[in-house]
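Chain A is the first sequence line, chain B the second, and so forth, proteins listed ahead of strands; every chain is numbered from 1.
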Amino acid sequence: MNEIKKPTIVFMGTPEIAEIVLENIYLKNYPILAVVTQPDYQPKGKPDNLISPVKKLALEKNIPISQPQRLDVDFKKWLEGLKPDLIIVTAFGKIIPKEILAIPKHKSLNVHASLLPKLRGASPIQNALTNGMAETGITIMLMDKGIDTGDILSQKKISIESEDDYVTLTGKLAVIASHLLIDTIPDWINKSITPKKQDTAQATMCQLIEKSDGKINWTEDAQDIYNKFRAFRVWPGIFTFWENKGNLQKISLNEISVEINISGKRYHLGEIFRYSDSKIGIQANNGVIILGKIQLAGKNETSVDDFLNGYPNFIGSILK
RNA sequence: CGCGGGGUAGAGCAGUCUGGCAGCUCGUCUGGCUCAUAACCAGGAGGUCGCCGGUUCGAAUCCGGCCCCCGCAA
């Protein structure tokens, strides 16, 4: 790696993956002028504001913080005043106008958690999992006015293990992202990288996740249901409905596993049955979902064994 | 004052409407049975029924206030 004068950086990002990338930039002694992150979120009934992981780290390291509601004229003026050499964006969560992207001398780079042009958009990690993909990766690219359509500077692949879920995969990708970024910045400043156009014909877009996407359809393959569980681990989770004494009650499946080698008798799709002495299963297509921890709406999370002590009629019902 | 569910033994729940001995399943302890077991049989321990006040001969239950947990919406 060539020696360069380190560019001054404004970092824009919000969740854990952004925090890890930011931390590595900080540890490598890049001058960070400011971080920009989403406004604090105040949940009802909780005493404390939830602050983004990026903000938490910035507070710890005494880096100036901006949390604009909108990226408007005032924000632009503020940013111009900082005269950054480079903007780094990682999972920021808002679309950034191109006037802002154009401010830094060395433009704006985006760290995206997929192998572009695959999985452009807001939720690449979850979509890699729901699609059952065998590999994904990190792309660092120049930002333009489209969503993840900019020219590619560098990429790194990672294989997705069958036991990976959103948490573990995000962790792995974050580490790769932070290293790839540190390797890429000097080459970009030195102009020793030629940006590559994306092959638009190969592009796929990932849709924004909604809470309702967590609803389980018991006619789906067991493996697909399990993939959804892995992808939605942190949010929105997966859920189904149980008819108990005439009431439809929402049940979240917070901890499950899957058995795809089906043996023995089959049940109705969505039917709950005793899969073995210690396992409670739900029949899905081409496999069985094994319950670990579940949560009835309005109640605390419990193990399925505890749940059955209170609701013995659970076994034999059919989930909807 | 956004909408809704909940707080009962170590865990999960019923009982509350219609006030009248504190219950169920599991766990735990003791004993029995068994080659053996997360099995089976018998017995026991374990409760401030979230907190405060009110009504009543009598309150987990009815009335008023408060605290806490959770789901939805944002």
Side-chain angles (χ1 to χ4, degrees), chain A residues 13-16 36-56 66-72 91-95 121-123 126 130 165-167 207-218 225 228-259 263-265 267 270-282 288-320:
Chain A
T14 301
E16 290 82 3
V36 182
T37 191
Q38 294 273 11
D40 296 348
Y41 162 82
Q42 167 91 59
K44 197 86 180 169
K46 298 270 183 184
D48 300 325
N49 281 353
L50 282 186
I51 64 175
S52 74
V54 163
K55 180 175 178 181
K56 209 171 289 177
S66 168
Q67 297 178 278
Q69 283 289 347
R70 270 176 301 184
L71 305 180
D72 54 14
F92 177 58
K94 283 184 186 331
I95 294 177
S123 49
Q126 292 93 327
T130 53
D165 63 16
Y166 177 75
V167 176
Q207 69 281 21
L208 202 60
I209 297 168
E210 296 178 29
K211 181 152 271 195
S212 60
D213 293 333
K215 167 100 166 63
I216 297 168
N217 179 354
W218 292 106
I225 293 170
K228 197 186 259 192
F229 164 72
R230 296 198 290 155
F232 295 169
R233 195 63 190 274
V234 175
W235 189 89
I238 60 170
F239 60 90
T240 183
F241 288 94
W242 177 42
E243 187 169 356
N244 180 33
K245 298 175 182 170
N247 298 322
L248 263 195
Q249 296 180 283
K250 181 182 164 184
I251 293 185
S252 301
L253 309 189
N254 296 351
E255 188 73 60
I256 63 171
S257 56
V258 67
E259 303 275 349
S263 59
K265 52 182 167 179
Y267 296 80
E271 182 170 351
I272 301 154
F273 63 99
R274 193 166 281 282
Y275 179 75
S276 71
D277 284 350
S278 59
K279 290 179 178 175
I280 302 302
I282 303 175
V288 175
I289 298 295
I290 306 296
L291 292 177
K293 291 180 181 162
I294 63 181
Q295 181 174 20
L296 201 57
K299 296 285 205 172
N300 287 314
E301 170 182 289
T302 68
S303 74
V304 69
D305 294 329
D306 288 343
F307 187 84
L308 285 174
N309 284 330
Y311 300 100
N313 59 331
F314 191 55
I315 289 186
S317 22
I318 297 177
L319 298 173
K320 294 176 181 172

In the structure shown, which nucleotide is the Watson-Crick or G-U wobble counterpart of [N], with both distances under 3.5 Å?
N	answer
B/A11	B/U25
B/A39	none
B/U18	none
B/C72	B/G2
B/C62	B/G54

What nucleotide among [options] has an atom nearest to a side-chain atom of [X]?
X	options	answer
A/N300	B/G12, B/C70, B/C72	B/C70
A/K211	B/G12, B/G71, B/A73	B/A73
A/A297	B/C13, B/G71, B/A11	B/G71
A/N309	B/C70, B/G6, B/U25	B/U25

Note to self: Minimum heavy-atom separation for A/P15 and A/A91, please, with both atom names.
What the structure shows: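 Closest heavy-atom pair between A/P15 and A/A91: CD-O, 3.0 Å.
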Whole-Å distance between [N] [atom2] and [X] [atom1]?
X	N	atom1	atom2	answer
A/W235	B/A74	CH2	P	11 Å
A/K250	B/C3	NZ	C1'	14 Å
A/F307	B/U25	CZ	P	18 Å
A/L296	B/G12	CG	C1'	11 Å
A/N313	B/C24	CG	C1'	13 Å
A/D306	B/U28	CG	C1'	14 Å
A/I251	B/C13	CD1	P	11 Å

Notebook entry, point to check: Looking for any heavy atom pair under 4.0 Å, which part of the strands does A/Q249 touch: base, sugar-phosphate only, or nothing?
Noted result: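 Nothing, no nucleic acid heavy atom in range.
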Checklist line | A/G310 or A/G298, whichever maps to the more 5' nucleotide of RNA chain B | finding: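 Its nucleotide being nearer the 5' end, the pick is A/G298.
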Notebook entry, point to check: Considering only the C1' atoms, how many Å lie between B/C24 and B/C69, rounded to the nearest integer?
Noted result: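 These two C1' atoms come out 24 Å apart once rounded.
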Next item on the list: For the residue pair A/F307 and A/I251, establish whether any side-chain heavy-atom pair is separated by less than 4.5 Å.
Entry: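 Side-chain contact under 4.5 Å: yes.
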Notebook entry, point to check: Is A/F232 close to A/T130 at the side-chain level, that is, under 4.5 Å between some pair of heavy atoms?
Noted result: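 Result yes, sub-4.5 Å side-chain heavy-atom pair found.
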Next item on the list: May I ask you to list the residues of residues 237-244 of chain A, by number, that have any heavy atom positioned under 4.0 Å from an atom of RNA chain B?
Entry: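 Within residues 237-244 of chain A, no residue comes under 4.0 Å of RNA chain B.
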Check: Aromatic rings A/W242 and A/F314: how do their planes relate, parallel, tilted or perpendicular, breaks at 30° and 60°?
Finding: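 Perpendicular, since the angle between the ring planes exceeds 60°.
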Check: Is there a donor in the side chain of A/K55 and an acceptor in the side chain of A/Q38, or the other way round, less than 3.5 Å apart?
Finding: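 A/K55 vs A/Q38: no donor-acceptor pair found between side chains.
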